[in-house]
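Only one structure is covered here, and it is reproduced in the block below.
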Amino acid sequence: MPLLVTGSIGIDDLKTPHGEARGVIGGSAVHFALAAKLFTEVRLVGVVGEDFPPDFQAFLEGQGFDLSGLEVRKGSKTFRWSGVYDKVTSDAQTLAVDLNVLAEAGPQIPGKFAASDCVFLAATHPGLQQDFIRQLDKPRLIVADTRDLWINTQREALLKTLGQVTGAILNDAEARLFTGKDNLVIAGRQIIEWGPRFVVIKKGEHGVMLVAPEEVVVLPAYPTTHVVDPTGAGDSFAGGMMGYLSQQESLDIDSLRNALARGTITASFTIEGFSKEVIEGVTPADVKRRLVGYAEMLRVAP
């Protein structure tokens, strides 16, 4: 089944210990979609300004995404972000951020997308996430991302969003901030009480944890030795996870565990280059080869 994603599409300036890249394509929806397309068809909903480079749009069109939900807004400018990493394992220091079109009204979901079965809501304002949900029919799976900004400033709106989704995804610091719990299992179960059926907690280089009402799954990161740029890793993880889940009939714990593994693998490709330079060339066969090695690494005797 096609997978709908809505989130930011932007232009990034990046610097890491391995070099820098200026004026490259970025944004949560882009990183997500490039990973998800390795598993399924992707419907992309987002908004950019009239300054969005024509070669960027041509790139998105060349990926096979359904761009019926991409709005190029006249008189507006595209979201821009500039950041630097002192270490590739650290969080980025934001040097500049220009919300531009993201500070305006959100894009509309095309009518032909309303019946989408699986939906990912990137970490936009919780009120905007709720507006997107209202434009949909009854998806089987909705997963929402969030960030510390909304936890600190839009807590009640975020709680309302969580009451309307199947799953939530956030990082370990955000889970602790949101719940006030140091233990991530307890934090995850607290979030489940607010509505989602499962919670995915990203732990960066330390892997990922999934918390369900009665079960917990923990997987390590893929042990890549060539980390160039961690920008978009979390969105790439979500894209691999959701791309796999969109093709499964069940959301049981085995499906969720396998989805975490796929997300871990897609993220491992993204971090090996700036922006799209590695992930755009990855094939399903590449994912399969890396997944086989990852599965073998995890094999233990009971």
Side-chain angles (χ1 to χ4, degrees), residues 7 28 32 91 118-127 129-130 132-133 138-222 233-246 248-267 298 300 302:
S28 58
F32 179 97
D91 291 332
C118 297
V119 179
F120 180 72
L121 305 174
T124 52
H125 190 292
Q129 291 177 324
Q130 293 164 37
F132 287 136
I133 293 171
K138 294 183 178 180
R140 173 177 63 93
L141 172 65
I142 305 177
V143 174
D145 198 353
T146 194
R147 58 176 48 135
D148 55 356
L149 173 63
W150 310 129
I151 293 170
N152 284 323
T153 66
Q154 301 292 328
R155 183 180 179 85
E156 291 306 314
L158 181 54
L159 287 171
K160 184 175 180 180
T161 295
L162 291 178
Q164 301 176 31
V165 301
T166 319
I169 185 168
L170 65 173
N171 68 34
D172 48 358
E174 291 160 348
R176 292 184 171 110
L177 173 66
F178 199 10
T179 63
K181 309 295 184 182
D182 289 330
N183 184 286
L184 291 177
V185 176
I186 295 173
R189 292 201 167 131
Q190 173 65 72
I191 295 171
I192 286 173
E193 290 183 9
W194 295 331
R197 288 169 51 187
F198 63 86
V199 176
V200 176
I201 300 175
K202 299 172 292 184
K203 302 192 295 174
E205 63 177 318
H206 302 295
V208 64
M209 172 184 289
L210 179 138
V211 181
E214 302 296 333
E215 294 155 306
V216 175
V217 176
V218 180
L219 293 181
Y222 180 83
D235 297 304
S236 180
F237 166 83
M241 180 189 80
M242 290 290 291
Y244 176 82
L245 285 177
S246 71
Q248 308 307 306
E249 294 184 0
S250 171
L251 292 178
D252 62 19
I253 198 66
D254 287 335
S255 295
L256 292 169
R257 180 185 294 107
N258 285 323
L260 295 185
R262 271 71 179 177
T264 297
I265 297 303
T266 52
L298 297 179
V300 297

## Note on the structure
Of all heavy-atom pairs linking Val211 and Ile201, the shortest is CG2-CD1, 4.4 Å

### Query
Which atom pair, heavy atoms only, marks the closest approach of Ala122 to Gly7?
CB-CA, 3.7 Å

### Message
Filter on salt bridge (Lys or Arg N to Asp or Glu O under 4.0 Å), then keep only pairs touching residues 248-265, sequence neighbours left out; what's left?
### Response
Asp254-Arg257

### Query
So which pairs with a foot in residues 168-187 pass salt bridge (Lys or Arg N to Asp or Glu O under 4.0 Å), sequence neighbours left out?
none

Spacing of [atom1] belonging to [X] relative to [atom2] belonging to [Y], to within rounding of 0.5 Å:
X	Y	atom1	atom2	answer
Ile169	Leu210	CD1	CG	9.5 Å
Thr161	His125	OG1	NE2	9.0 Å
Lys203	Leu219	NZ	CG	9.5 Å
Leu162	Gln130	CG	CD	9.5 Å
Thr153	Arg155	OG1	CZ	12.0 Å
Leu170	Asp145	CG	CG	7.5 Å

When you compare the side chain of [Y] with that of [X], does any pair of heavy atoms fall below 4.5 Å?
X	Y	value
Ile133	Val165	yes
Leu256	Val217	no
Phe120	Leu141	no
Cys118	Val143	no
Val200	Phe237	yes

With sequence neighbours excluded, tell me which residues meet side-chain hydrogen bond (donor to acceptor under 3.5 Å, both in side chains) with [X].
X	answer
Thr266	none
Ser28	Ser8
Ser246	none

### Where at least one partner belongs to residues 202-221, residue pairs that pass ring-ring contact (aromatic ring centres under 6.0 Å, His included), sequence neighbours excluded
none

### Message
Quick test of your reading: applying ring-ring contact (aromatic ring centres under 6.0 Å, His included), list the pairs with at least one residue in residues 166-198, sequence neighbours left out, ordered by first then second residue.
### Response
Phe178-Trp194

### Message
Donor-acceptor check, side chain of Thr264 to backbone of Ala221, threshold 3.5 angstrom: yes or no?
### Response
no

### Task
Measure from the side-chain N and O atoms of Gln164 to the backbone N and O of Gln129, and report whether any donor-acceptor pair falls under 3.5 Å.
no

Output all residues satisfying salt bridge (Lys or Arg N to Asp or Glu O under 4.0 Å) with [X], sequence neighbours left out; order by chain, then residue number.
X	result
Asp148	none
Arg197	none
Arg140	Asp117

### Query
Ala173: what forms a side chain to side chain contact (heavy atoms under 4.5 Å, CB included) with it, not counting sequence neighbours?
Asn171

### Query
Take atom CG in Asp91; do more than 12 heavy atoms of anything else shown fall under 6.0 Å from it?
no

### Query
Does atom NZ of Lys160 have more than 12 heavy-atom neighbours, drawn from other residues, nucleotides or ligands, at distances under 6.0 Å?
no

Can I get a per-line list of side-chain donor-acceptor pairs under 3.5 Å for residues 186-193, giving both atom names and the distance, sequence neighbours left out?
from: Arg189; atom 1: NE; to: Ala212; atom 2: O; distance (Å): 3.3
from: Arg189; atom 1: NE; to: Pro213; atom 2: O; distance (Å): 3.3

### Task
Any chance you could lay out the side-chain contact (heavy atoms from CB on, under 4.5 Å) test for Glu214 and Ile253, step after step, and finish with the verdict?
CA-CA 10 Å; Glu214 302 296 333; Ile253 198 66; over 6 Å; no

